[in-house]
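Quick note on labels: first sequence line is chain A, next is B, and so on, each numbered from 1.
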There are 2 protein chains.
Amino acid sequence: MTLDLSVDRSSPVPLYFQLSQQLEAAIEHGTLTPGSLLGNEIELAARLGLSRPTVRQAIQSLVDKGLLVRRRGVGTQVVHSQVKRPLELSSLYDDLETAGQRPATKVIVNTLVPASAEVAAALGVAEDSDVHRVERLRLAHGEPMAYLCNFIPPGLLDLDTAQLESTGLYRLMRSAGITLHSARQSIGARAATAAEAERLAEEEGAPLLTMQRVTFDDTGRAVEFGTHTYRPTRYSFEFQLLVRP
Amino acid sequence: MTLDLSVDRSSPVPLYFQLSQQLEAAIEHGTLTPGSLLGNEIELAARLGLSRPTVRQAIQSLVDKGLLVRRRGVGTQVVHSQVKRPLELSSLYDDLETAGQRPATKVIVNTLVPASAEVAAALGVAEDSDVHRVERLRLAHGEPMAYLCNFIPPGLLDLDTAQLESTGLYRLMRSAGITLHSARQSIGARAATAAEAERLAEEEGAPLLTMQRVTFDDTGRAVEFGTHTYRPTRYSFEFQLLVRP
DNA sequence: GTAGTCAGATTGTCCAGACATATGCATTGA
DNA sequence: TCAATGCATATGTCTGGACAATCTGACTAC
């Protein structure tokens, strides 16, 4: 099995990144089969005309993604597991779109409201200060799938209703120059109230999947607080976790 | 603010790890306040008598944990957010114990069964081959909290009922020399069946939080497949996610 | 035959530097 | 006044090498 790897030194893309992408593609494509050894770092570095730290950096990024496993004295192997998708801070919109579900969004509420104690605490703003409140119904194949209620501190971005209906909130934030960094999530379940049931075309008392999330940007500022309810027959949270060594 | 950092070169603990632990402790302890600059890498390296790559490795590990943010041309800052706990592949038992809930476990079933198609696919074993089936009721403060049904490939570890009642499954695996690596999870919700309701002291049709998980060890072998149901009034999944740049 | 030992292979850690590139601020120019 | 330029500063990328720790497998001694 010969793997043809090469790097382009005239490209502005970092060498380690070029290499890690090629390796990832080879794993995805099946050229590198699960369990196979990758060949030792020194020989690989020599073959590509790179230094060993650069090759290590490429390999390390794939180890962090959970695609490779290194073992001292043995080598670097491709992991056996079938599913490779790592856990990401994902947006429901993107999730649906990549799943080919053609999501649609209906904005129900888009206004400024005084922050409640809970919202103020989550966003780190003063109680009763103005925050944006956005309520949206997310549909897939014309069927209601989730009801999203979000609070956003003022001044961060324009919340245009038309834009909110044509794309996701995270995508809007990113295009407004906000670098998302981390989020604190809580996933639970409860019975639907009459109002919730109505919105999601379920029956009162039907089980709902709930998610609360506070999202932080790269400076640690809270940029969004959301309370979402999902129809569990239409949506579940799927992700892969890695153990922190 | 002078931060007293030092490394012990005679220790077998890697230097970058010593440094990252000290920095993490300083952040945890509040000596390094959120938003404060860490000081540039070169000066830090000189102060500690380390090389810059070593200092970078220490800092990088904290960036990966979400405690620090680097910005080119600016410096490295401590993140503002309050909550630092990263997402981990957690065990319910450990979760409860660290929350001071004194978990108890009652083993309902502990036997060998032929693998169903679903179990065989999840564990990567032949259909109808023998696998362990363990069903447990997890209680906190004497109240039922979750019903855990797990399948484990044979030959990996002793499944002693007494041990299963006194500790968690993950802890048993670790002490059997299995290195947990990653898990594929799916979290959803549904209405309780009559049997489930009975086991969890809920009513039929009550909403339940469900989790399915396949856990892999460091070679990519599936070591456990579990189907869990939680009482949503007693338990929810809480974690922090990081954005992959 | 079994256990202990040793050598080879491979990754882990660490070093000392070089150049590239993005950021923020002060200075300069229109 | 305001925009463009330039500079200092910091992190990002990369090199080439050194020694240590660990795993595997083969060999040796009992």
Residues that Ser20(A) engages under side chain to side chain donor-acceptor pair (under 3.5 Å), provided they are two or more places apart: none

Check: Gln77(A) side chain, Gly35(A) main-chain N or O, donor-acceptor pair, under 3.5 Å: yes

Length of the line joining Gln77(B):CD and dT11(D):C1', which is rounded to integer Å: 13 Å

Thr54(A) side chain near dT13(D) phosphate (N/O to OP1/OP2, under 4.0 Å): no

Sugar-phosphate only, base, or nothing, as touched by Pro14(B) at under 4.0 Å among non-hydrogen atoms: sugar-phosphate

Euclidean distance, atom CD of residue Glu43(B) to atom P of dT11(D) [Å, nearest integer]: 10 Å

Toward the 5' end of DNA chain D, by each residue's nearest nucleotide, Pro12(B) or Tyr16(A): Tyr16(A)

With Glu24(A) via salt bridge (charged side-chain N to carboxylate O under 4.0 Å, His left out) - residues at least two apart: Lys65(A)

DNA chain C: 5'-most and 3'-most nucleotides touching chain A, 4.0 angstrom heavy-atom criterion: dA9(C) to dT13(C)

Residues that Val7(A) engages under side chain to side chain contact (heavy atoms under 4.5 Å, CB included), provided they are two or more places apart: Leu15(A), Gln18(A), Leu50(A)

Atom pair distance, as rounded to whole Å: CD1 in Ile42(A) and C1' in dG16(D): 12 Å

Listed partners of Arg72(A) passing side chain to side chain contact (heavy atoms under 4.5 Å, CB included), at least two apart: none

More than 12 heavy atoms of other groups within 6.0 Å of Asp8(B) CG: yes

Euclidean distance, atom CZ of residue Arg56(A) to atom P of dT13(D) [Å, nearest integer]: 17 Å

Rounded interatomic separation in angstrom, taking CD from Glu41(A) and C1' from dC14(D): 16 Å

Within residues 69-76 of chain A, residues whose heavy atoms come under 4.0 Å of DNA chain C: Arg70(A), Arg71(A), Arg72(A), Gly73(A), Val74(A), Gly75(A), Thr76(A)

Protein-nucleotide distance (Leu19(A), atom CG; dC14(D), atom P), rounded to Å: 10 Å

Any pair counted as salt bridge (charged side-chain N to carboxylate O under 4.0 Å, His left out), so long as it reaches residues 33-45 of chain A, sequence neighbours left out: Glu41(A)-Arg52(A), Glu41(A)-Arg56(A), Glu41(A)-Arg70(A), Glu43(A)-Arg47(A)

Comparing Arg52(B) and Ser51(A) on DNA chain D - which has the more 5′ nearest nucleotide: Arg52(B)

Between P of dA18(D) and CG of Leu15(B), the distance in whole Å: 20 Å

Nearest-Å distance for atom pair CZ/P, residues Arg9(B) and dC19(D): 15 Å

Residue pairs involving residues 121-136 of chain A (criterion side-chain hydrogen bond (donor to acceptor under 3.5 Å, both in side chains); sequence neighbours excluded): Arg133(A)-Glu135(A), Glu135(A)-Tyr147(A), Arg136(A)-Asn150(A)

Under the side chain to side chain contact (heavy atoms under 4.5 Å, CB included) test, residues paired with Thr167(B) that sit two or more places apart: Tyr93(B), Arg171(B), Leu172(B)

Touch class at under 4.0 angstrom, heavy-atom based, for Leu50(B) against every strand present: sugar-phosphate

